[in-house]
K.L.:
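Dropping a structure here in structure tokens format, bear with me for questions.
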Amino acid sequence: MKKKKLARLLMAAVTATLLAGCGSGPAGNSETGGTASGEGGVKEFTAFFAVPGVEINDGNEVQEIIAEKTGVKVKETWLTGQTPEEAIGTIIAGGEYPDFIEGAAGMPQLYDAGALVALDDYIEKYPNIKEFFTEQEWDSLRQEDGHIYWIPQFTNIYGEEKACEHNDEAFWIQTRVLKWADYPEIKTLDQYFDLIEKYYEANPTMEDGTENIPYTILCEDWRYFCLENAPQFLDGYPNDGSCIVDPQTLKVIDYNTTETAVEYFKKLNEEYKKGIVDRESFTQTYDEYIAKLSSGRVLGMIDQWWDFAFNAGDAIKSAGLDQQGCSYVPLPITIDENIQNQWHNSGGVVNAGTGLAVSISCEDVEGALKFVNDLLDQDIHNLRFWGVEGTDYQADDQGVFSRTEEMRTKCADTAYKASHLCPYSYFPQYIGTNRDGINAMSPAGQPGEFYDALKNDVKECFDAYGVQTYVEMLGTSEAPGAWYPMWSYSNSLTTETDGGMAWTKIGEVKHEYLPKVVMAENFDQAWEEYMGKYNECKPEDFLSEMQAELDRRMELAAKYQ
């Protein structure tokens with residue numbers, strides 16, 4: 001550990017010396033992207049994001065407008081056919097990096113390799129970047145060598161919070177199921193599955209005779225959170241991801257071993273035996289899962305909104321399946337009706353474990369960061385997320401933004417998005433209120449526009465429950481404490497520490513044994529076997545490391561009170 005830390009410090013010093021000679025001087029020419037000038041003197045940078053994404057077309061219209069205004073264009077590429085760690089490992093082995101990089105789970109590899117530029121000396125130069133976080137939040141991003149290397153891009157609220165979508169995890173159910181039951185209040189796990197069972201018994205097929213799938217579970221690779229982390233929510237805690245934090249004692253709790261965890265997996269086991277849980281749950285790929293949801297066959301599942309809504313949701317609408325009530329809405333499920341759910345919390349989240357970074361291959365670091373700064377200007381931000389005024393949205397006499405039905409249809413079209421819209425979606429961005437004090441930072445946060453754009457079956461459902469947004473279906477809890485979220489730390493753990501080794505082993509054991517628990521003939525026996533293997537991972541080492549991080553975060557917060 002000491003040798004690696006020394007290597008990083010030496011690399012940071014060498015990088016700083018090299019970059020001091022670059023400054024904001026003339027653009028260079030580099031096969032790795034650098035800042036070679038394109039047509040009209042526009043600087044061209046490269047970016048790689050270690051997450052799946054969709055590339056836009058060359059000549060994209062909004063990208064060209066942004067290039068005219070900022071003098072910069074970025075060629076974005078995305079993860080395909082590899083895990084983030086594999087992709088980042090390949091890039092590191094090659095020794096040449098894109099100008100911008102977001103490593104996701106591979107961020108620790110980039111840091112250990114000394115591949116990233118320390119941003120400390122640059123942040124003060126760019127007011128929009130400086131404003132993006134508070135001093136406390138910037139300090140929370142410092143790595144063990146004391147420097148800041150990346151900028152988390154998401155869930156940063158400007159002004160008043162405007163939340164219509166629930167972009168996070170929930171138990172989802174199709175509107176047709178709720179409508180069939182005359183829109184009942186569903187608040188517990190038992191009530192949820194009871195409704196699905198009854199609907200499936202009465203409606204085993206869709207209108208065209210296709211067999212319905214009552215409940216499916218996504219378990220592939222890192223997405224197995226759809227199976228394993230529900231106990232924290234069922235007990236009324238927010239999404240710390242890898243553990244529960246008791247807000248009164250500020251102690252870390254293992255949600256894998258609680259009574260609720262046992263009850264939850266026993267329920268899945270019972271539903272599997274009844275034929276309610278999809279038999280292909282533990283072997284299906286992500287693509288197969290999305291195809292099932294897109295077909296309208298799946299009545300319910302647990303998932304993050306961002307993980308399915310922007311592909312399966314669009315497919316359901318394109319196929320007209322929303323007319324059959326195949327759209328999904330979230331329900332405020334807990335293990336007991338007396339527990340207040342925390343599926344949706346107010347406030348932003350700083351994911352300190354990853355973010356947008358500038359690599360040591362970038363020949364114009366100041367030009368790169370100036371572009372990030374420019375992307376946060378309000379007029380550029382509007383272009384990224386609303387599009388072109390008069391083409392993609394309109395403003396009334398009071399300055400309120402909205403879209404016509406034709407505009408909404410175009411902006412949801414895959415071909416139109418590729419040729420026209422350019423959100424630079426993995427660069428820093430705001431949610432919340434536009435600097436004009438009137439509008440939301442994006443259509444998804446604009447209450448009137450959001451409701452008008454809803455599919456008819458969702459509108460009917462919301463009207464029945466007396467709400468207008470997905471968030472209102474769940475209710476909003478206060479922002480959690482200064483420790484939140486703990487997953488931003490556990491996501492960065494490596495096997496170099498005892499806690500990181502335990503965390504890795506725990507993941508492997510859960511991947512192997514939780515499907516067995518759900519499918520077991522004898523649940524109690526299968527659970528006992530699972531717990532035996534789980535305890536062999538030394539979860540106490542992981543929990544101890546998480547507790548130390550929680551204490552550190554609380555101490556940091558206390559400095560700014």
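Keep in mind it's a predicted model, so treat the numbers as computed, not measured. Keep in mind that the numbers below use all heavy atoms, side chains included, and drop hydrogens, waters and symmetry copies.
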K.L.:
Would you call Tyr286 and Arg223 a side-chain contact if the rule is heavy atoms closer than 4.5 Å?
P.N.:
yes

K.L.:
Just wondering, do Trp343 and Asn239 contact through their side chains at under 4.5 Å, heavy atoms?
P.N.:
no

K.L.:
As a quick check of understanding, evaluate side-chain contact (heavy atoms from CB on, under 4.5 Å) for Leu375 and Arg384, giving each step before the final call.
P.N.:
CA-CA 8 Å; Leu375 287 180; Arg384 293 169 65 191; 3.6 Å; yes

K.L.:
Going by an N to O cut-off under 4.0 Å, is there a salt bridge joining Arg403 and Glu449?
P.N.:
no

K.L.:
For a 4.5 angstrom cut-off between non-hydrogen side-chain atoms, does Tyr97 reach Ile91?
P.N.:
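Sidechains of Ile91 and Tyr97: in contact.
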
K.L.:
Do you know the tightest heavy-atom contact between Tyr393 and Trp386?
P.N.:
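Nearest heavy atoms, Tyr393 then Trp386: CD2-O, 3.5 Å.
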
K.L.:
Could you check Tyr215, Tyr328, Phe308 and say which one makes a ring pair (Phe, Tyr, Trp, His ring centres under 6.0 Å) with Trp172?
P.N.:
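One option only clears the test, and that one is Phe308.
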
K.L.:
Main chain of Ile276, side chain of Glu271: is a donor-acceptor contact present, judged purely on distance under 3.5 Å?
P.N.:
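No: the side chain of Glu271 does not pair with the backbone of Ile276.
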
K.L.:
Between Ser327 and Ile316, is there a donor-acceptor pair closer than 3.5 Å when you use the side chain of the first and the backbone of the second?
P.N.:
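A pair under 3.5 Å: no.
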
K.L.:
Can you classify the ring geometry of Trp222 versus Phe225 as parallel (below 30°), tilted (30 to 60°) or perpendicular (above 60°)?
P.N.:
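Ring orientation, 0 to 90° scale: tilted.
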
K.L.:
Would Ile56 and Leu421 satisfy side-chain contact (heavy atoms from CB on, under 4.5 Å), going step by step from the backbone distance to the final call?
P.N.:
CA-CA 8 Å; Ile56 60 175; Leu421 299 175; over 6 Å; no

K.L.:
Looking at Lys410, I want to see if its NZ is surrounded by more than 12 non-hydrogen atoms of other residues, nucleotides or ligands under 6.0 Å.
P.N.:
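Yes, NZ of Lys410 has more than 12 neighbouring heavy atoms, counting only those of other groups under 6.0 Å.
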
K.L.:
Under the side-chain hydrogen bond (donor to acceptor under 3.5 Å, both in side chains) rule, collect the residues that match up with Tyr416, sequence neighbours excluded.
P.N.:
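Partners of Tyr416 by the side-chain hydrogen bond (donor to acceptor under 3.5 Å, both in side chains) criterion, ordered by chain and then number, come out as Asp392, His420.
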
K.L.:
Around atom NZ of Lys130, are there more than 12 heavy atoms of other residues, nucleotides or ligands at under 6.0 Å?
P.N.:
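Enclosed.
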
K.L.:
Check the pair Asn382, Arg435 against side-chain hydrogen bond (donor to acceptor under 3.5 Å, both in side chains), reporting the backbone distance first and the verdict last.
P.N.:
CA-CA 10 Å; Asn382 288 349; Arg435 288 178 175 86; over 6 Å; no

K.L.:
Would you call the rings of Phe49 and Trp78 parallel, tilted or perpendicular, taking 30° and 60° as the class edges?
P.N.:
tilted

K.L.:
State, without any angle test, whether Asp208 and Thr210 hold a side-chain donor-acceptor pair at a distance under 3.5 Å.
P.N.:
yes

K.L.:
Could you list the donor-acceptor pairs under 3.5 angstrom formed between side-chain atoms of residues 464-475 and any protein atom two or more places apart in sequence or on another chain?
P.N.:
{"unit_1": "Tyr465", "atom_1": "OH", "unit_2": "Pro184", "atom_2": "O", "d": "2.6"}
{"unit_1": "Thr469", "atom_1": "OG1", "unit_2": "Val471", "atom_2": "N", "d": "3.4"}
{"unit_1": "Thr469", "atom_1": "OG1", "unit_2": "Glu472", "atom_2": "N", "d": "3.0"}
{"unit_1": "Glu472", "atom_1": "OE1", "unit_2": "Gln468", "atom_2": "N", "d": "2.6"}

K.L.:
Could you tell me whether Lys455 atom NZ has more than 12 heavy atoms of other residues or ligands within 6.0 Å of it?
P.N.:
yes

K.L.:
Give a yes or no on whether a salt bridge exists between Asp278 and Lys292, defined as a side-chain N under 4.0 angstrom from a carboxylate O.
P.N.:
yes

K.L.:
So does Asn351 get a backbone contact from the side chain of Ser488, meaning a donor-acceptor N/O pair under 3.5 Å?
P.N.:
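Judged by distance alone, no pair lies under 3.5 Å.
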
K.L.:
Please list, chain by chain and in numerical order, all residues satisfying side chain to side chain contact (heavy atoms under 4.5 Å, CB included) with Asp463, sequence neighbours excluded.
P.N.:
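Checked Asp463 against side chain to side chain contact (heavy atoms under 4.5 Å, CB included); matches are Tyr451.
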
K.L.:
Counting C-beta onward and ignoring hydrogens, is there a side-chain heavy-atom pair between His511 and Tyr224 closer than 4.5 Å?
P.N.:
yes

K.L.:
Tell me the closest heavy-atom pair linking Ser361 and Asp99, and the distance in Å.
P.N.:
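Distance-wise, the nearest heavy atoms are O-OD1, 4.2 Å.
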
K.L.:
Which pair of non-hydrogen atoms, one from Cys326 and one from Met206, has the smallest distance, and what is that distance?
P.N.:
SG-CE, 4.1 Å

K.L.:
Angle class for the Tyr430/His381 ring planes (parallel below 30°, perpendicular above 60°, tilted otherwise)?
P.N.:
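Geometry flag for His381 against Tyr430: tilted rings.
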
K.L.:
Hey, are Tyr200 and Glu211 close enough side-chain-wise for a donor-acceptor pair under 3.5 Å?
P.N.:
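Note: Glu211 and Tyr200 side chains meet the donor-acceptor criterion.
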
K.L.:
Which residues satisfy the side chain to side chain contact (heavy atoms under 4.5 Å, CB included) test with Thr283, sequence neighbours excluded?
P.N.:
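Expected list: Glu280.
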
K.L.:
For residues Tyr424 and Glu76, is any side-chain donor paired with an opposing acceptor at under 3.5 Å?
P.N.:
no

K.L.:
We want to know whether Gln324 and Gln174 form a side-chain donor-acceptor pair, criterion being a heavy-atom distance below 3.5 angstrom.
P.N.:
no

K.L.:
Can you name the side-chain hydrogen bond (donor to acceptor under 3.5 Å, both in side chains) partners of Asn345, sequence neighbours left out?
P.N.:
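Only Gln342 meet the side-chain hydrogen bond (donor to acceptor under 3.5 Å, both in side chains) criterion with Asn345.
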
K.L.:
Main chain of Leu234, side chain of Thr334: is a donor-acceptor contact present, judged purely on distance under 3.5 Å?
P.N.:
no

K.L.:
Start with the C-alpha gap between Glu102 and Gln153, add the side-chain angles, then the distance that decides, and say whether side-chain hydrogen bond (donor to acceptor under 3.5 Å, both in side chains) holds.
P.N.:
CA-CA 10 Å; Glu102 149 72 279; Gln153 309 98 310; 3.1 Å; yes

K.L.:
With no hydrogens and no angle check, do the side chains of Asn57 and Ser419 hold a donor and an acceptor under 3.5 Å apart?
P.N.:
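There is no such pair between these side chains.
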
K.L.:
Under a 4.0 Å N-O cut-off, is there an ion pair linking Asp413 with Lys417?
P.N.:
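Here Asp413 does not pair with Lys417 in a salt bridge, since their nearest N and O are not under 4.0 Å apart.
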
K.L.:
Indicate yes or no: at least one non-hydrogen side-chain atom of Gln398 is less than 4.5 angstrom from one of Ile438.
P.N.:
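The answer is no; the side chains never approach within 4.5 Å.
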
K.L.:
Any idea which heavy atoms bring Pro84 and Gly106 closest together, and the distance?
P.N.:
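For Pro84 versus Gly106, the nearest heavy atoms are CB-N, 4.1 Å.
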
K.L.:
Do other residues, nucleotides or ligands put more than 12 heavy atoms under 6.0 Å from Glu288 CD?
P.N.:
yes

K.L.:
Are any of the side-chain heavy atoms of Gln378 and Asn434 separated by less than 4.5 Å?
P.N.:
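Yes - at least one pair of side-chain heavy atoms lies under 4.5 Å apart.
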
K.L.:
Aromatic contact between Phe233 and Phe171, with the criterion being ring centroids under 6.0 Å apart: yes or no?
P.N.:
no

K.L.:
Give a yes or no on whether Glu201 atom CD has more than 12 heavy-atom contacts from other residues, nucleotides or ligands under 6.0 Å away.
P.N.:
no

K.L.:
Under the rule for side-chain hydrogen bond (donor to acceptor under 3.5 Å, both in side chains), what residues qualify as partners of Asp322, not counting sequence neighbours?
P.N.:
none

K.L.:
Can a donor-acceptor pair be found, under 3.5 Å and without considering hydrogens, that links the side chain of Trp150 to the backbone of Ile148?
P.N.:
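Side chain of Trp150 to backbone of Ile148, a donor-acceptor pair under 3.5 Å: no, none is there.
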
K.L.:
For Val388 and Ile65: C-alpha separation, side-chain torsions, deciding distance, then whether side-chain contact (heavy atoms from CB on, under 4.5 Å) applies.
P.N.:
CA-CA 9 Å; Val388 177; Ile65 296 171; 3.8 Å; yes

K.L.:
Counting only N and O atoms by type, is there a donor-acceptor contact under 3.5 Å from the side chain of Asn60 to the main-chain atoms of Ala418?
P.N.:
yes

K.L.:
Within the distance-only criterion (no hydrogens, no angle test), does the side chain of Gln429 pair as donor or acceptor with the backbone N or O of Met441 below 3.5 angstrom?
P.N.:
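No, Gln429 side chain to Met441 backbone: no donor-acceptor pair under 3.5 Å.
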
K.L.:
Before giving the answer on side-chain contact (heavy atoms from CB on, under 4.5 Å), spell out for Ile173 and Val329 the whole-Å C-alpha distance, their side-chain angles and the decisive distance to 0.1 Å.
P.N.:
CA-CA 6 Å; Ile173 196 164; Val329 295; 4.1 Å; yes

K.L.:
Taking the side chain from Thr354 and the backbone from Ala104, do they hold a donor-acceptor pair closer than 3.5 Å?
P.N.:
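Side chain of Thr354 to backbone of Ala104, a donor-acceptor pair under 3.5 Å: yes, one is there.
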
K.L.:
Do the side chain of Thr155 and the main chain of Val349 share a donor and acceptor less than 3.5 angstrom apart?
P.N.:
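Such a contact is found between Thr155 side chain and Val349 backbone.
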
K.L.:
Within the 4.5 Å heavy-atom criterion, are Phe132 and Glu137 side-chain neighbours or not?
P.N.:
no

K.L.:
Under 3.5 Å, is there a donor-acceptor pair linking the side chains of Asp457 and Gln323?
P.N.:
no

K.L.:
To check you understand the geometry: which heavy-atom pair defines the closest contact between Pro108 and Ser492, and what is its length?
P.N.:
CG-O, 3.7 Å

K.L.:
In terms of side-chain heavy atoms, does Asp377 have a donor or acceptor partner in Asn128 at a distance below 3.5 Å?
P.N.:
yes

K.L.:
If only atom types and distance count, is the side chain of Asn167 paired as donor or acceptor with the main-chain N or O of Trp305 below 3.5 Å?
P.N.:
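Answer holds: no.
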
